[in-house]
Participant: 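Have a look at this one before I ask anything.
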Amino acid sequence: MQNFIYDNKTRIIFGKDTETQVGEEVKQYGKKVLLHYGGGSIKKYGLYDRVVASLKEADLSVVELGGVKPNPRLSLVNEGIDLCKEHDIDFIIAVGGGSVIDSAKAIGFGAKYEGDVWDFFTGKEQITNTIPLGVILTIPAAGSEASTGTVITKEEGLYKRSAGSLLIRPKFAIMNPEVTYTLPDYQTSCGACDMFAHVMERYFTNESDVDFTDQLCEATMRTIIKQSKSAIEHPNDYAARAEIMWAGTIAHNGLLGTGRIEDWASHVIEHEISAIYDIAHGAGLAIVFPAWMKYVYKKDVKRFAQFANRVFGVELDLNNLERTALEGIERIKLFFKQIGLPTSLKDAGIDSDRLEEMAKKATENGPFGNFVNLDEDDVLNILKLTVE
Ligand code: NZQ
Ligand code: ZN
């Protein structure tokens, strides 16, 4: 096990009606608030009114910026930065999913910087200051409510890139599972796949003696499998929605990566797909992850067999661990299919004519991935496995 520091200060406020506490939470950070949200679901289902009432009750002055699209765009981030500077905003409250939260994070550090906020996404600048933010989560998926990252798409050139710092971890995340009842099945499934992938990016490590965190990962993955199916069958099942919501945060708040080196290659490859084709990130991962697994499993057949056995209950074939490992990859594909996700580019209606371009863009800053380090040829080979 590697040495580590685990430092996660996001205050989690979880459960029914918790969104009514937002005003009191925000109050301690200042008076002027930017309320940031997406394409309208929060207005349609009444959450917006409850949030605004709570902010007003706490005597806060509110500036609004809605319209965040899934795979959030740089142009809206720049609009938000201008608003924050104009109104001297003290705190940002993001009401939505990963896209809204990521947009809010980028606005926060962009507003404290005189240059182009994209500098943080190219690695030219490091984040040293930000407007603090809080979250009301409406879709369990990206884990951005307690993560240190943000992922933004620059329209020009279709670059989807991330930036990160401990400074941009949200101060609090309000999580009421009831607000997720209105999620379309497809979004519930995309969310389940994303959080499952966040666990796998950590699970597939070359680190030995990490059995405790292996088992935490396995419990999280088993929960996601079981409860996502329940939530799709019964969208108003509080217990299932609550379990998924908490699992999604734990999947990506750093706990499951303690003491081990994480991989993250599948995410880098997926971001090239959603940058160009604007598909949901979780759907892109359902396409990429099984292909990545097939390409790399020989690096540690034992670990892949353990995954198959402990997560999907595949019987361990001690005389042929490779068989068990491969069965695990089939089972994960089956799970994604069962919850209605595409597992190939073809399933998603995407042509295979831009694979070379994606492989090139993904490796612009050199090879990546820690379980197996991948160069441009490797990425292209993995993308070829995603075609059908
Ligand atoms: O925009 P509205 O109208 O609100 O609709 C949204 C959106 O269309 C809808 N939705 C959300 N909550 C709802 C709801 N519809 C009905 N009822 C509700 N309660 O769901 C759609 C998807 O929302 P989005 O925020 O895009 O989903 P998600 O949370 O999956 O976020 C995806 C983004 O997060 C990034 C992804 O790359 C992608 O851009 N990620 C961010 C990470 C991070 N910051 O740590 C890590 C992840 O790996 C990921 O890359
Ligand atoms: Zn993800």
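Remember, it's 1-based here, ligands and their atoms both numbered in the order they're listed. All values below come from the heavy atoms of this structure, side chains included, with hydrogens, waters and symmetry mates left out.
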Participant: For atom 25 (O) of ligand 1, grab the closest protein heavy atom and report residue, atom and distance to one decimal in Å.
Facilitator: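 Atom 25 (O) of ligand 1 sits closest to the protein heavy atom Ser99 N, 3.0 Å.
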Participant: Is His198 in contact with ligand 1, taking contact as a heavy-atom separation below 4.0 Å?
Facilitator: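 Distance cut 4.0 Å: His198 passes for ligand 1.
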Participant: For the Zn ion (ligand 2), does an N/O/S atom of His252 lie at less than 2.8 Å?
Facilitator: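 It does not: His252 brings no N, O or S atom closer than 2.8 Å to the Zn ion (ligand 2).
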Participant: Nearest protein heavy-atom contact for atom 12 (N) of ligand 1: which residue, which atom, what distance?
Facilitator: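 Ranked first by proximity to atom 12 (N) of ligand 1 is Thr138 OG1, 2.8 Å.
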Participant: Between His271 and ligand 1, which part of the residue brings a heavy atom under 4.0 Å of the ligand: side chain, backbone, both or neither?
Facilitator: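 The answer is the side chain of His271.
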Participant: Backbone, side chain, both or neither: what part of Asp102 comes under 4.0 angstrom of ligand 1, heavy atoms only?
Facilitator: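 Within the 4.0 Å criterion, Asp102 contacts ligand 1 through side-chain atoms alone.
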Participant: Can you tell if the side chain of Leu183 reaches within under 4.5 Å of the side chain of Arg241, non-hydrogen atoms only?
Facilitator: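 Counting from C-beta outward, Leu183 and Arg241 do come under 4.5 Å.
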Participant: Using distance alone, determine whether Ser147 and ligand 1 share an N or O pair under 3.5 Å.
Facilitator: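 Among all N and O atoms of Ser147, at least one is under 3.5 Å from an N or O of ligand 1.
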Participant: Pick one of side chain, backbone, both or neither for how Ile101 approaches ligand 1, counting any non-hydrogen atom pair under 4.0 Å.
Facilitator: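 Within the 4.0 Å criterion, Ile101 makes no contact with ligand 1.
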Participant: Relative to the heavy atoms of Gly38, which atoms of ligand 1 are at a distance of less than 4.0 Å?
Facilitator: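 Result: 1 (O).
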Participant: Within a reach of under 6.0 Å around CD of Gln28, are more than 12 heavy atoms found that belong to other residues, nucleotides or ligands?
Facilitator: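 Above 12, so yes.
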Participant: Considering only protein heavy atoms, which is closest to atom 5 (O) of ligand 1, and at what distance to one decimal place?
Facilitator: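 Heavy-atom neighbour on the protein nearest atom 5 (O) of ligand 1: Ser41 OG, 3.9 Å.
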Participant: Give the residue and atom name of whichever protein heavy atom lies nearest to atom 23 (O) of ligand 1, and the separation in Å to one decimal.
Facilitator: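 For this ligand atom, the closest protein heavy atom is Ile139 CG2, 4.3 Å.
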Participant: Would you say Ile42 has any N or O atom under 3.5 Å from an N or O of ligand 1, going by distance alone?
Facilitator: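 Among all N and O atoms of Ile42, none is under 3.5 Å from an N or O of ligand 1.
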Participant: Less than 4.0 angstrom from a charged side-chain N to a carboxylate O is my criterion; do Arg303 and Asp214 meet it?
Facilitator: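 So Arg303 pairs with Asp214 through a salt bridge.
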Participant: For Lys154, does the NZ atom sit with more than 12 other heavy atoms under 6.0 Å from it, leaving out its own atoms?
Facilitator: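 More than 12 within 6.0 Å, yes.
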Participant: Using the rule given for side chain to side chain contact (heavy atoms under 4.5 Å, CB included), can you reason through Ser344 versus Val387, listing the C-alpha separation, both sets of side-chain angles and the distance that settles it, and then say yes or no?
Facilitator: CA-CA 6 Å; Ser344 67; Val387 173; over 6 Å; no
Participant: Which of the listed options, Glu178, Arg169, Gln187, Glu201, holds the heavy atom that is closest to atom 20 (O) of ligand 1?
Facilitator: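 Closest candidate by heavy-atom distance is Gln187.
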Participant: Tell me the contacting part of Lys44 for ligand 1: side chain, backbone, both, or neither, using a 4.0 Å heavy-atom threshold, strictly below.
Facilitator: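 None of Lys44 does.
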Participant: If we only count N/O pairs under 3.5 Å, is Trp264 in contact with ligand 1?
Facilitator: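 No - when backbone and side-chain N and O of Trp264 are compared with those of ligand 1, no distance drops under 3.5 Å.
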Participant: Return the closest protein heavy atom for atom 1 (O) of ligand 1 as residue, atom name and distance.
Facilitator: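 Nearest neighbour among protein heavy atoms for atom 1 (O) of ligand 1, to 0.1 Å: Gly39 N, 2.7 Å.
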